[in-house]
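Worksheet: the structure to be examined is printed underneath.
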Amino acid sequence: MGSWKRSHYCGSVTADQLGQDVCVMGWVQRRRDHGGLIFIDLRDREGVLQLALDPDRDPAAHQKAEAVRNEFVVAVIGKVSPRPDGTVNPKMKTGEVEIEVRELKILNRSETPPFMLDEFTDVAENIRLKYRYLDLRRASVQSCLMLRHRVTRTVRAYLDENGFLDIETPVLTKSTPEGARDYLVPSRVNNGQFYALPQSPQLFKQLLMISGYDRYAQIVKCFRDEDLRADRQPEFTQIDCEMSFVDREDVMTIMEGMIARVFKETRAIELSLPMRRMTYAEALDKYGVDNPDLRFDLELVEITALVKSCGFKVFAEVAAGGGMVKALNVKGGAGFSRKELDEFTAFAAIYGAKGLAWVKMTAEGWQSPIAKFFKPEELSALEKALQAEEGDLLLFVADSAKVANESLGRLRQHLGQKLGLASKEKYSFSWVTDFPMLEWDEEEKRHVAVHHPFTAPLDEDVALLETDPGKARAKAYDLVLNGSEIGGGSIRIHDQAIQQKIFSLLGIGEEEAQEKFGFLLDALSYGAPPHGGIAFGLDRLTMILAGTDSIRDVIAFPKTQKATCLLSEAPGVVAEKQLQELGIRLRKPVNQGKRE
RNA sequence: GGGGCCGUAGUAGAGUCGGUUACAACGCCGGCCUGUCACGCCGGAGGUCGCGGGUUCAAGUCCCGUCGGCCCCGCCA
């Protein structure tokens, strides 16, 4: 660069600087060579600026520009000039001006990039990820990461203003039962033993409350060794908070204030507070899922009682046998084709539904394969329950409560998308509360924690832990935005006896509890304050703010669905010597033969 | 562990019923061009049709396997 100092970002040069000399540095987006005049679009993170090189005015600079190619790194000094009449480009932020280049330096050359870094070329994601450092130069990708920066900046400011202390917690920690599969790190100093990377800093933030820090918050990486999805990465970032001497309302109030601030400062969107609250039971009843998309209504209706003794055996038997029959009235949906109905059936089947019954409400009455099984009064009872009118499509699932709710609930979401009811411009929040404490795990033949083992029961449900633990509800809350769980937390157990009771209900014996969580149990016995907290998925929140469907779009260096990094080629094999130091011998040699 | 979609020059695609030398676009290289902005015009180079096997006189195309990317179920307290 010599003595040159950059004076402006490319994207920040506008008519305000007319007549000034500026020095800009950046990457060549494109060169347009007119034989005489050469134009260069120079790009940096703030935008693109047109450089004009005139052979009559500055022959030396023009000649250097002949050799410039895409993605060369270039510095220029020149005067900010108005573009001649008729050549203003209204599509560009800097389109009223250009730089009359007086001096040009090529700071570095570039190979021809493997793909065009413009906004017009769609590139396969595996290519983008392999050359992520080039992909990250693109304005659309940069805007996601800059948005993410504004989110974290706003969160940190809000939490600081509200008295939260940012305290770091260990990354090398201890594997605990329950929850997701751990990522393990072998210990060299203690051969045969392993650290686990945290699934969340849960225990440490509770310990900090016991230590009197009162309000803790951290934007922190968490690790879960489970399969990936469009909105799930093995390492992801939480906005992790914990507070002492609070109840559920305190936590929800302060946290919805944080979310509102984020929406205001990053997207200039005013949210109305307080946010809606609904119980888990209501969510399941009306929407079939615990993370309902409330941008549209399309509520489920339970008709189990109505069809208990109806003429349609499939419904009647499920209803009589302790199952559940639920229906969805798709207003104006009678126009769906047979093919689309088959598609809906296949969709419901993904979630275990053995069938999807449908009825088209026509001028002639029910058009449906199952119409013939119902008596006239049964038809009218169903129509009334579903408020069915001509032109509607009724969809039914009869199954276990779990399957009926989930399949029809997911179908509801699918239909909302398909019918264009789920606008990306709309943001519908709700807290979902009163989750069950426990859930029966058929595979393991035991109860598992719905939230986590440190979640406190509702005061009025404590007695149920003895008599009917499956019915006990938790002081837990999730924040749901547009059908996506963006955060969740709970008031914690601060009483050692109740904590031990929960462990025993989870089938965690006293010895195991002592071994795995002994330090927490001990801590609880030394004056633990009532406390609770929450964690938000920063990646998911940013995804929604950015309007993208992939979590990879808001992570600089994301992993593929097989949890590999195409850029660094992680994970990789390690030297035998490294394994020896760790006392590890592989069961199967790698790099030999085929995988089984 | 399972279901689905995809893989063809550097990039993103077309390629019919299995049949001559695998096509045009963008990019790249060379030439021309003094107001373009996804500049334009002329010319050129560029291919292990993901990989392996099979069927066939003949495979980008059909079959089997495999690798990779994506979406989903399971899993994710």
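Reminder, nothing fancy here: chain letters follow the sequence lines and each chain counts from 1. The basis for the numbers below is simple: all heavy atoms, side chains too, and nothing from hydrogens, waters or symmetry mates.
- OP1 or OP2 of B:G27 sits under 4.0 Å from a side-chain N or O of A:Arg30.
- When the C1' atom is used for both B:A59 and B:C64, the distance is 15 Å, rounded to whole Å.
- For residues 26-54 of chain A, the set of pairs meeting the ring-ring contact (aromatic ring centres under 6.0 Å, His included) definition, not counting sequence neighbours, comprises A:His34-A:Phe39.
- Using modelled atom types, one finds no donor on one side chain facing an acceptor on the other under 3.5 Å when comparing A:His452 with A:Gln199.
- The side chain of A:Arg32 places an N or O atom within less than 4.0 Å of a non-bridging phosphate oxygen (OP1 or OP2) of B:C39.
- A donor-acceptor contact under 3.5 Å is formed by the side chain of A:Arg83 with the base of B:C37.
- Straight-line distance from the CZ atom of A:Arg31 to the C1' atom of B:G40: 14 Å, rounded to whole Å.
- Atom CG of residue A:Leu328 and atom CG of residue A:Leu300 lie 5.5 Å apart, to the nearest 0.5 angstrom.
- If you check the side chains of A:Asp240 and A:Gln218, you find no donor sitting under 3.5 Å from an acceptor.
- Proximity note for A:Ala230 (side chain, C-beta onward) versus B:C71, B:C37, B:G27: the nearest is B:C71.
- Using a 4.0 Å heavy-atom distance criterion, A:Asp118 is classed as making no nucleic acid contact.
- As rounded to whole Å, 21 Å separates atom P of B:C75 from atom NZ of A:Lys562.
- Taking atom CE of A:Met92 as the reference point, atom P of B:A38 lies 9 Å away to the nearest angstrom.
- At the heavy-atom level, A:Thr455 lies nowhere under 4.0 Å from the strands shown.
- Taking the charged nitrogens against the carboxylate oxygens, A:Arg137 and A:Glu71 do have a contact shorter than 4.0 Å, which makes a salt bridge.
- Side-chain N/O atoms of A:Thr564 include one lying less than 4.0 angstrom from OP1 or OP2 on B:G69.
- Salt-bridge annotation for A:Arg224 and A:Glu226: absent, with no side-chain N of the basic residue lying under 4.0 Å from a carboxylate O of the acidic one.
- At B:G68, none of the side-chain N or O atoms of A:Lys130 fall inside 4.0 Å of OP1 or OP2 (strictly under the cut-off).
- Closest to the side chain of A:Ile350, out of B:C72, B:G35, B:G1, is B:C72.
- We find that NE2 of A:His414 is positioned 13 Å from P of B:C73, with the value rounded to whole Å.
- A:His34 qualifies as a stacking partner of the B:C39 base, centre to centre under 5.5 Å and near-parallel within 30°.
- Smallest separation of non-hydrogen atoms from A:Cys241 and A:Lys205: O-NZ, 3.1 Å.
- The partner of B:A25 is B:U11, by the rule that a Watson-Crick or G-U pair needs both atom distances under 3.5 Å.
- As judged by a 4.0 angstrom heavy-atom cut-off over every strand, A:Glu111 is placed among residues making no nucleic acid contact.
- The side chain of A:Phe39 lies closest to B:G35 when the candidates are B:C75, B:G35, B:G69.
- Contact annotation for A:Pro114: backbone-only contact, meaning every heavy-atom pair under 4.0 Å involves sugar-phosphate atoms and none involves a base.
- Between the side chain of A:Gln561 and the base of B:G68, no donor-acceptor pair of N or O atoms lies under 3.5 Å.
- Of the candidate nucleotides B:A12, B:G35, B:U36, B:A12 has the atom nearest to the side chain of A:Ile127.
- Classification of A:Asp118 and A:Arg30 as a salt-bridged pair holds, one side-chain N sitting under 4.0 Å from a carboxylate O.
- In this structure, A:Lys559 places its NZ atom 16 Å from C1' of B:G69, rounding to the nearest Å.
- The side chain of A:Glu125 approaches B:G69 more closely than any other nucleotide in the set B:G69, B:U11, B:G35.
- Nucleic acid contact for A:Ile38: none, since no nucleic acid atom lies under 4.0 Å from a heavy atom of the residue.
- Checking A:Asp434 against A:Thr279 by side-chain atom types alone, no donor-acceptor pair falls below 3.5 Å.
- Atom pair A:Arg128:CZ and B:G69:P shows a separation of 15 Å (rounding to whole Å applied).
- B:G40 is paired with B:C32 under the criterion used here, namely a Watson-Crick or G-U wobble arrangement in which both key atom distances are under 3.5 Å.
- A donor-acceptor pair shorter than 3.5 Å can be found between the side chains of A:Gln206 and A:Gln202.
- Residue A:Asn89 has its side chain nearest to B:C37 when only B:G69, B:C37, B:C72 are considered.
- Of the C1' atoms belonging to B:C70 and B:C33, the separation is 45 Å, rounded to the nearest Å.
- For the pair A:Arg138 CZ and B:A12 P, the computed distance is 10 Å after rounding to whole Å.
- Minimum atom distance to the side chain of A:Thr112 is reached by B:G27, of the listed B:U36, B:G1, B:G27.
- Of the two residues near RNA chain B, A:Pro113 and A:Leu129, the one whose nearest nucleotide lies more 5' is A:Pro113.
- Within residues 56-73 of chain A, the residues having any heavy atom under 4.0 Å from RNA chain B are, by residue number, A:Asp56, A:Arg69, A:Asn70.
- Between the side chains of A:Ser81 and A:Glu98, not a single donor N or O lies within less than 3.5 Å of an accepting N or O.
- The side chain of A:Arg229 contributes an N or O atom lying less than 4.0 Å from OP1 or OP2 of B:C73.
- In a base pair of the Watson-Crick type (N1 to N3 plus N6-O4 or O6-N4) or a G-U wobble (N1-O2 and O6-N3), with each distance short of 3.5 Å, B:C70 is matched with B:G4.
- For A:Arg232 against B:C76, a side-chain N or O and a base N or O form a donor-acceptor pair under 3.5 Å.
- Counting only heavy atoms from C-beta on, A:Val123 has its side chain closest to B:A12 among B:A12, B:G35, B:G69.
- Pair assignment for B:G19 gives B:C57, based on Watson-Crick or G-U wobble hydrogen-bonding distances that are each under 3.5 Å.
- Looking at heavy-atom distances under 4.0 Å, A:Tyr351 makes contact with sugar-phosphate atoms alone, never a base.
- Between B:G1, B:G69, B:C71, one nucleotide has an atom nearer to the side chain of A:Asn126 than all others, and that is B:G69.
- Looking at the side chain of A:Asp33, the nearest of the listed nucleotides B:U11, B:A38, B:C33 is B:C33.
- The nearest heavy atom of RNA chain B to A:Ser550 and to A:Glu98 marks one nucleotide each, and the one closer to the 5' end goes with A:Glu98.
- Per the geometry, CZ belonging to A:Arg410 stands 22 Å off P belonging to B:G3, to the nearest Å.
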